Amino acid sequence: MAHGLNPAQADAVATVAGPLLVLAGAGTGKTRVVTFRIAELIRRKIRRSRILGVTFTNKAAAEMQERIGKLIEKKKDDKPEISTFHSLCVRILRRNAKKLGYPEQFAIYDAGDQESLARQSLREIRVPGEVLSPGDLMSKISRWKNAGLTCDDANQLASSDKDHLAAMAYKRYQKTIKSVGAMDFDDLLLLTEELFENHPDARRAEAGRFDHLLVDEYQDTNHTQYAIVKALAEGHRNLCVVGDDDQSIYGWRGADVRHILNFRKDWPEAKVVRLEENYRSTEAILEIANRVIHYNADRYDKTLRAARLGGERPRIEQFEDEEIEAEQTVGDIRQRLTEPGRELRDFAILFRTNEQTRAFEGALRKHKVPYVLIGGMSFFDRKEVKDILAYLRLIDGHCDDVSLLRIVNRPPRGISQGTVEALQTAAVKEGHTLWQTLEDGPRVATIVPNAAPAVAKFVELIRRYQKRIANGSLAPSVRALLSEIDYEQELKRLYPEEADQASRWGIVEEMINALAAYEEQAHGKGKLNKFLDEVLLGERDTKDEKDEQLKRNAVVLMTLHSAKGLEFPIVYMVGMEEGILPHHRAAADENPQGLAEERRLCYVGITRAQDRLTFSLSLSRRKWGKPRPTIPSRFLFEVMGQADKAPAAAGLNAKPIERPRGKSGRR
DNA sequence: CAAAGCCGTTTTTTT
DNA sequence: AACGGCTTTG
């Protein structure tokens, strides 16, 4: 038997057959149970490749893979499959795309692509941005898709003009994305569900690949994910799900806590194991975590016991503005670093929105404290990288309008806006994709005389590199392509600052290196396609940087959402202000669930801390350049057990928090 | 057709 | 503050 587990944990690990629900609080060793269970399955001679572990984030997947790696000796080619829902669905869909009427080479649209498409849809139905912004439309579409609503459903249910317009734009959006053979992130899940529903043979084949299925963070499953899990596990019924309803923080993405609470309805023979002993945090930290989460009315009440008694009381610090907040937080880190045995990686700074990173990055850089920023603007979101990726997607044969539009005249090659528009009109008329229309040349569209050879030249360029990459290696070809289009010159033209030019060209170099590195480890055909998939799903980032980041001993900066499932000895929860945590968009809504989810988010943050926890807020914060006074987060008052004193409820202005007793935390 | 300049929007969280 | 889109100018 696996050692180091308490009886309840050992129980969960030992019951390897049949459905199992592990309901467990924060810091009770959920992920530990999953990994030990996988090790136990292998010990009982289950073939590794027939075990599927599903997580929600790439980071969690990488983390789990690493833990498993430590538990079992590696055997090449036969390892458990650990994957996010989205990656899993992409693999399933690549095998079955034709059954759904999609090309095998379907493109995947990320948030940026979606935004372009949303913008285009709004233009087509002539909705001005003030009436409905692309961002607004995107979130509406995502919500509808997650609820399983088609455009017609959405239109019927729409109660406001805005919703009707959004439903119309949704129709355009979906028509376009389907016609160019692309899928957005929601489609990946929805189409997998559809595949399983309408093609039982495909469902059987896909489900038959595994004997055991484990799902971590099950409280975050939305309806589609729930259906996919069910379809995959129905046959063998060896399904283990692990979760905590108090840590459900993806409601905005359609996650429904009821799926974990109703688990026994679908799997009546399920065994339920509860883990209630928290090994992570000190009693002092756990106490306030429990206090805060108790303000949520609608929850499955459970008692978390602290295994580590005593501990330092969490502190609340207030600063003038966000610059000083960052400066002082970094100062505190630097001082604590002098304690014996302290390492950079012991520290985490957690915030609600990615925007908050700026000040902290600045302060950390200023004091030369190494740090890693998790999430946020990733390498693959950089403009230069997106340009190269757009070329690659085109070259890879994705009939992908968004990519094409991005680079058709970048660098400028004589294909003007007017020409592109004429070609687009022709494409719609002919029922072709834009690329097909380009290939057909100007025969089908009326364009200015000069543009025709420019278009032909562009088509020839892409075709030539298609051939070249099909036969040769990736990185050198891309290098040649970039020099042929003189991308470096384009950067110089765009950015007058020399430092800017150098750093941006550096990114291009890095991209080519990433391609070369990928080529080295991957082999066989279709490698470009696979590379693009990995990039789009965000797997690349974690894979390439994972080792580096782990080895690199550094302070960690990330959002509360990314922090789920992780732990750190010393945690700073910064920006504890009304409007940030709880976020105004979540709390202001008429739905009380928004606030409850923000509170769970706060709970997740608190329970990341092992030894020391510091909350901080700025009394003034810059928004769009202008400083504005802030209001302390109501959660701080809940932490102190004085929820009734929170100015937030009364709508008061910035006012320092009165200490319950004594002065601010001791040093 | 391209470059420069002006205007308006933007920021919730992830895949 | 920063970026993208749109308009005007070259």
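Reckoned from all heavy atoms, side chains included, excluding hydrogens, waters and symmetry mates. Within every chain, numbering begins at 1; the chains are lettered A, B, ... in the order of the sequence lines, protein sequences first and strands thereafter. Worth saying up front: this structure is predicted, and the values here are computed from it rather than measured.
Annotation: proximity of residues 247-259 of chain A to DNA chain B (heavy atom, distance under 4.0 Å) is found for A/Tyr250, A/Trp252, A/Arg253, numbered in ascending order.
Residue-nucleotide stacking is present for A/His583 and B/dT12, judged by a side-chain ring centre under 5.5 Å from the six-membered base ring centre and planes under 30° apart.
Regarding A/Leu595, its CG atom lies at a distance of 15 Å from the C1' atom of B/dT12, rounded to whole Å. Atom P of nucleotide B/dT12 and atom NE2 of A/His561 are separated by 12 Å, given to the nearest angstrom. The separation between A/Glu355 atom CD and C/dC3 atom P is 14 Å, rounded to whole Å. Straight-line distance from the CZ atom of A/Arg410 to the P atom of B/dA2: 13 Å, rounded to whole Å. Between the P atom of B/dT14 and the CG atom of A/Leu536 lies a distance of 17 Å, rounded to the nearest Å. Taking atom CG of residue A/Leu581 and atom C1' of nucleotide B/dT12, one finds them 11 Å apart after rounding to whole Å. Atom C1' of nucleotide B/dT10 and atom CG of A/Leu122 are separated by 15 Å, given to the nearest angstrom. Rounding to whole angstrom units, CG of residue A/Leu557 and P of B/dT13 are separated by 14 Å.
At a threshold of 4.0 angstrom between heavy atoms, the contacts of A/Arg493 are confined to the sugar-phosphate backbone, with no base atom among them. At a threshold of 4.0 angstrom between heavy atoms, the contacts of A/Arg600 with the nucleic acid are absent. Note on A/Phe85: nothing from the nucleic acid sits closer than 4.0 angstrom, heavy atoms only. No contact: A/Asn222 has no heavy atom under 4.0 Å from any strand.
With sequence neighbours excluded, the residues forming a salt bridge (Lys or Arg N to Asp or Glu O under 4.0 Å) with A/Arg621 are A/Glu325, A/Glu577, listed by chain and number. Among residues two or more places apart in sequence or in another chain, the salt bridge (Lys or Arg N to Asp or Glu O under 4.0 Å) test is passed with A/Lys178 by none. Residues passing the ring pair (Phe, Tyr, Trp, His ring centres under 6.0 Å) test with A/Phe85 are A/Phe56, sequence neighbours excluded. Residues meeting the ring pair (Phe, Tyr, Trp, His ring centres under 6.0 Å) test with A/Phe458, sequence neighbours left out: none. Residues satisfying the salt bridge (Lys or Arg N to Asp or Glu O under 4.0 Å) test with A/Asp113, not counting sequence neighbours, are A/Arg393.
A cation-pi arrangement is present between A/Arg94 and A/Phe106 under the rule of less than 6.0 angstrom and at most 45 degrees off the ring axis.
Taking 4.0 angstrom as the limit, A/Ser562 places none of its side-chain polar atoms (N or O) nearer than this to OP1 or OP2 of B/dT13. Side-chain N/O atoms of A/Asn354 include one lying less than 4.0 angstrom from OP1 or OP2 on B/dT13. Between A/Ser87 and B/dT15, a side-chain N or O to OP1/OP2 separation shorter than 4.0 Å is absent.
Both A/Pro412 and A/Asp186 lie near DNA chain B, and the one whose nearest nucleotide falls closer to the 5' end is A/Pro412. Both A/Glu598 and A/Thr57 lie near DNA chain B, and the one whose nearest nucleotide falls closer to the 5' end is A/Glu598.
Distances from the side chain of A/Arg352 to the nucleotides C/dG5, B/dA2, B/dT13 place B/dT13 closest. Closest to the A/Thr559 side chain, of the nucleotides B/dT15, B/dT13, B/dA2, is B/dT13. Among C/dG4, B/dT15, B/dT12, the nucleotide with an atom closest to any side-chain atom of A/His86 is B/dT15. Nearest to the side-chain atoms of A/Thr419 among the listed nucleotides C/dA2, B/dC1, B/dA3 stands B/dC1.
To the nearest 0.5 Å, atoms CZ (A/Arg91) and CG (A/Asp533) are separated by 9.5 Å.
Checked by atom type, the side-chain pair A/Asn96/A/Glu206 shows a donor-acceptor distance below 3.5 Å.
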